[in-house]
Chemist: 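Please read through the structure below; I'll follow up with questions.
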Amino acid sequence: MTALSILQLLRCPPAEIQGRILFGGQNLLDLDREGIRRIRGRSISMIFQEPMTSLNPMLTIGEQIREAVRAHTGVARGESWRRAVEMLRRVQIPGPDSRARQYPHKFSGGMRQRAMIAMALCGDPQLILADEPTTALDVTIQAQIMNLMRRLKEEFQTAMVLITHDLGVIAEMASRVVVMYAGQVVEEAPVQELFKDSRHPYTQGLLGSIPVIGRKARTGRRLQEIPGMVPSPLAMPSGCRFHPRCPKVGGRCDQQAPPMIHLGEHRRVSCWRETQNTAGKASGLEKERS
Amino acid sequence: MALLEVKNLKKYFPVKKGVFSRGVGFVRAVDGVSFTLQRGETLGLVGESGCGKTTVGRAILRLIEPSSGQLTFNGQDLLALDREKLRQARAALQIIFQDPFSSLNPRMNVGEIIAEPIRNHLKISRTEIGRRVAYLMERVGLHPEHKRRYPHEFSGGQRQRIGIARALALNPSVIICDEPVSALDVSIQAQVINLLAQLQEELNLSYLFIAHDLSVVEHISDRVAVMYLGRIVELASDQALYQNPRHPYSQALLSAVPVPDPEIRRRQVLLEGDVPSPLKPPAGCSFHTRCPVQNEICSREAPALRDIGDGHWVACHR
Ligand SMILES: Nc1ncnc2c1ncn2[C@@H]1O[C@H](COP(=O)(O)OP(=O)(O)OP(=O)(O)O)[C@@H](O)[C@H]1O
Ligand SMILES: [Mg+2]
């Protein structure tokens, strides 16, 4: 959802978007349709979970990539086809010349995702928003795509926002992590710190609840549970949205939303327990929400 | 004696070859699968999409008719049973599905959903059925007072609990769990995994646990079978398989699992290409087209699944 609103794919009505989205110092919410169109695909592009829904079944893969190339660079038709095939080669699709002439349904899931990545890269974007890019894929294909994304990220010098529920994928791909719960940021940390020293009870609960290969021998078969269920967006709990499921719930958690506490560069957490810890140490308690 | 024995199970689905041709081809969804399941044991079944896991599960329950093979349950030949005997055997073999949203009848309330198999199989009074439903709901962590609610009023995790209660209704000894947590929010998966583990201990259930998430399977299973293109390529205790996989496909599969620890850099065995179509599986060993260590015999002869010691089975020529 957050990613969709960055590129205004949820243009209102009915979605209502508030706040600011700064990209290179410019607020994207101030841009009109035309301004956004220029950003989308060129400066920022997106990769989705299910590539089939974002590919046109009536056009060959090559034609679709060529369209993207032309939209971004305005090169001639012949040249744009050559570049489309070149992009397919760079995302390691074997036989790119003949593959470019095929329709999406002839592609496997992994190949479609490669084609999507090729399309996302052909405007040479500064930022890629990848929304669960490997969730629909088998693990061996997921590993191929993750390697590819890592390599291309270096090669093209792009920044990436990777949206996923898979903590394994996070550990392997991310340098920084923002944890969201029920529509809000609850914690942010550099990836190593998040896995070693998470501060929010939700993050801690998640890390404890996933099965990890080889751990059973030490911890037994019982997994740590996060009790309760995910709240409905129509009935968000009062106060801290996590409080009905929180093992460390206390005092005002059910009444007042906790402030965002900044603990250092790229390190913040939104939890009342942290305000007690930090108040004692007289470190800066910054309020982000007013 | 094993509670359930599956021997050389095959399921070929007939498919038309082309729009104009009369020719019929076969999808070899399951192509000679054998394993046993002991009482109280969990056997994990893993492999990539389309390798035939669901088909194995459904063929055992005869929700789809196997093309050939032998199924022995409690000493009975499942494929030779008459209708009445099969009905009884079915009570003892149950299934829970991946998608708790589509596997429950939306027009029935929860009480009716759980009572249905009881009503169909046992001649007991309404009050007794009611009592049994309440007991089952409590057992899986649902409030019996909610029995008049409809599936859409429950969350994903609770719906999976309803499916589990229904599967338990006739005191089964085997439950086939087909991706039971794959559709659930990560924060809910542990609840359902713990429930399944607890019920197994208390009721001495046997699980055939089908999933593509290798960490979940390792966690819940005593033994694990790895499938590729309709066949089992390796079967071993969870420890032996995950610590010391012997088949090149298992090695690649396990090395591809992302580890939720940023300090661990795993060594990956990357596989080239995609899984071939089960309409035209490669000759010989069906993995040889992607195998990093294949040699000449592999494209000619299919390797048999053989025991290399301590119940560790591998189908590989090396
Ligand atoms: N009714 C059917 N008719 C024709 N082919 C079928 C039918 N059911 C399954 N298949 C094919 O049989 C093969 C095995 O399918 P199956 O659903 O058992 O795989 P799976 O391992 O459960 O996959 P997944 O992980 O995606 O659930 C696939 O190639 C599938 O397309
Ligand atoms: Mg399946």
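Note on naming: letters A, B, ... go to the chains in the order of the sequence lines (proteins, then strands), and numbering restarts at 1 for each one.
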Chemist: In sequence, state the C-alpha distance, the side-chain angles, and the governing distance for A/M146 and B/Q268, and then conclude on side-chain contact (heavy atoms from CB on, under 4.5 Å).
Modeler: CA-CA 12 Å; A/M146 275 166 45; B/Q268 283 185 47; over 6 Å; no
Chemist: What part of A/Q92 gets within 4.5 angstrom of chain B, counting heavy atoms only: side chain, backbone, both, or neither?
Modeler: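 For A/Q92, neither part sits under 4.5 Å from chain B.
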Chemist: Do B/N194 side-chain atoms and A/R222 backbone N/O form a donor-acceptor pair below 3.5 Å?
Modeler: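 No, B/N194 side chain to A/R222 backbone: no donor-acceptor pair under 3.5 Å.
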Chemist: If you round to the nearest 0.5 Å, how far is CZ of B/R290 from OG1 of A/T140?
Modeler: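 CZ of B/R290 is found 5.0 Å from OG1 of A/T140.
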Chemist: Against chain B, label A/I210 side chain, backbone, both or neither, depending on which of its atoms sit under 4.5 Å from a heavy atom there.
Modeler: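 Side chain only.
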Chemist: What closest approach, in Å, do A/E172 and B/V259 show between heavy atoms, and which atom pair accounts for it?
Modeler: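 Heavy atoms of A/E172 and B/V259 come nearest at OE2-N, 3.4 Å.
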Chemist: Is a side-chain N or O of B/Q191 found less than 3.5 angstrom from the main chain of A/G228, in a donor-acceptor match?
Modeler: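 Yes: the side chain of B/Q191 pairs with the backbone of A/G228.
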Chemist: Mind ranking A/S232, A/P94, A/A143 by heavy-atom pairs under 4.5 Å with chain B and telling me who comes out on top?
Modeler: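 Of the options given, most contacts go to A/A143.
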Chemist: Heavy-atom cut-off 4.5 Å, strictly under: side chain, backbone, both or neither for B/L253 against chain A?
Modeler: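 Both the backbone and the side chain of B/L253 come within 4.5 Å of chain A.
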Chemist: Around atom CE of A/M160, are there more than 12 heavy atoms from other residues, nucleotides or ligands closer than 6.0 Å?
Modeler: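 Enclosed: over 12 neighbouring heavy atoms sit under 6.0 Å from CE of A/M160.
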Chemist: At a 4.5 Å cut-off on heavy atoms, which part of B/D213 comes close to chain A: side chain, backbone, both, or neither?
Modeler: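 The answer is neither part of B/D213.
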Chemist: Can you check whether A/G214's main-chain N or O pairs, donor with acceptor, with B/E218's side chain at less than 3.5 Å?
Modeler: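 Side chain of B/E218 to backbone of A/G214, a donor-acceptor pair under 3.5 Å: yes, one is there.
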Chemist: Ignoring hydrogens, what is the shortest heavy-atom contact between B/A190 and A/S209? Give both atom names and the distance.
Modeler: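 Minimum heavy-atom contact is CB-O, 3.6 Å.
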Chemist: Measuring from atom CG of B/D185 to atom NE2 of A/H165, what distance do you get when rounded to the nearest 0.5 angstrom?
Modeler: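 Going from the CG atom of B/D185 to the NE2 atom of A/H165 covers 8.5 Å.
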Chemist: Is it the case that over 12 heavy atoms from other parts of the model lie below 6.0 angstrom from the CD atom of A/E265?
Modeler: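 No, because the 6.0 Å sphere around CD of A/E265 holds 12 heavy atoms or fewer from other groups.
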Chemist: So for atom CG, which belongs to A/D197, do other residues, nucleotides or ligands contribute more than 12 heavy atoms lying within a distance under 6.0 Å?
Modeler: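 Yes, enclosed.
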Chemist: Any side-chain heavy-atom pair from B/S187 and A/V230 closer than 4.5 angstrom?
Modeler: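 Counting from C-beta outward, B/S187 and A/V230 do come under 4.5 Å.
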Chemist: Between B/I264, B/V257, B/L270, which has the largest tally of heavy atom pairs under 4.5 Å with chain A?
Modeler: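 The answer is B/L270.
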Chemist: I need the residue from B/Q189, B/H212, B/E263 with the largest number of non-hydrogen atom pairs under 4.5 Å to chain A.
Modeler: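 It is B/E263.
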Chemist: Out of curiosity, A/I226 CD1 to B/I188 CD1, how far, rounded to the nearest 0.5 Å?
Modeler: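 Spacing of CD1 (A/I226) from CD1 (B/I188) equals 8.0 Å.
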Chemist: By a 4.5 Å heavy-atom criterion (distance strictly below it), what part of B/L271 contacts chain A: side chain, backbone, both, or neither?
Modeler: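 Both backbone and side chain of B/L271 come within 4.5 Å of chain A.
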Chemist: When only pairs under 4.5 Å are counted, which of A/M173, A/R221, A/M111 shares the most heavy-atom pairs with chain B?
Modeler: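 Winner by heavy-atom pair count: A/R221.
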Chemist: Donor-acceptor pair, B/H219 side chain versus A/V212 backbone, under 3.5 Å?
Modeler: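 Looks like no, no N/O pair under 3.5 Å.
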Chemist: Just so I understand: if I count every heavy-atom pair under 4.5 Å between each of A/Q224, A/R215, A/R245 and chain B, which residue has the most?
Modeler: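 The residue among A/Q224, A/R215, A/R245 with the greatest pair count is A/R245.
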Chemist: A/Q142 side chain to B/A256 main-chain N or O, any donor-acceptor pair under 3.5 Å?
Modeler: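 Such a contact is absent between A/Q142 side chain and B/A256 backbone.
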Chemist: Which bit of A/I170 comes within less than 4.5 Å of chain B, counting heavy atoms only: side chain, backbone, both or neither?
Modeler: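 Neither part, no heavy atoms under 4.5 Å.
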Chemist: Where on B/I220 is there a heavy atom nearer than 4.5 Å to chain A: the side chain, the backbone, both, or neither?
Modeler: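 Contact with chain A is through both the backbone and side chain of B/I220.
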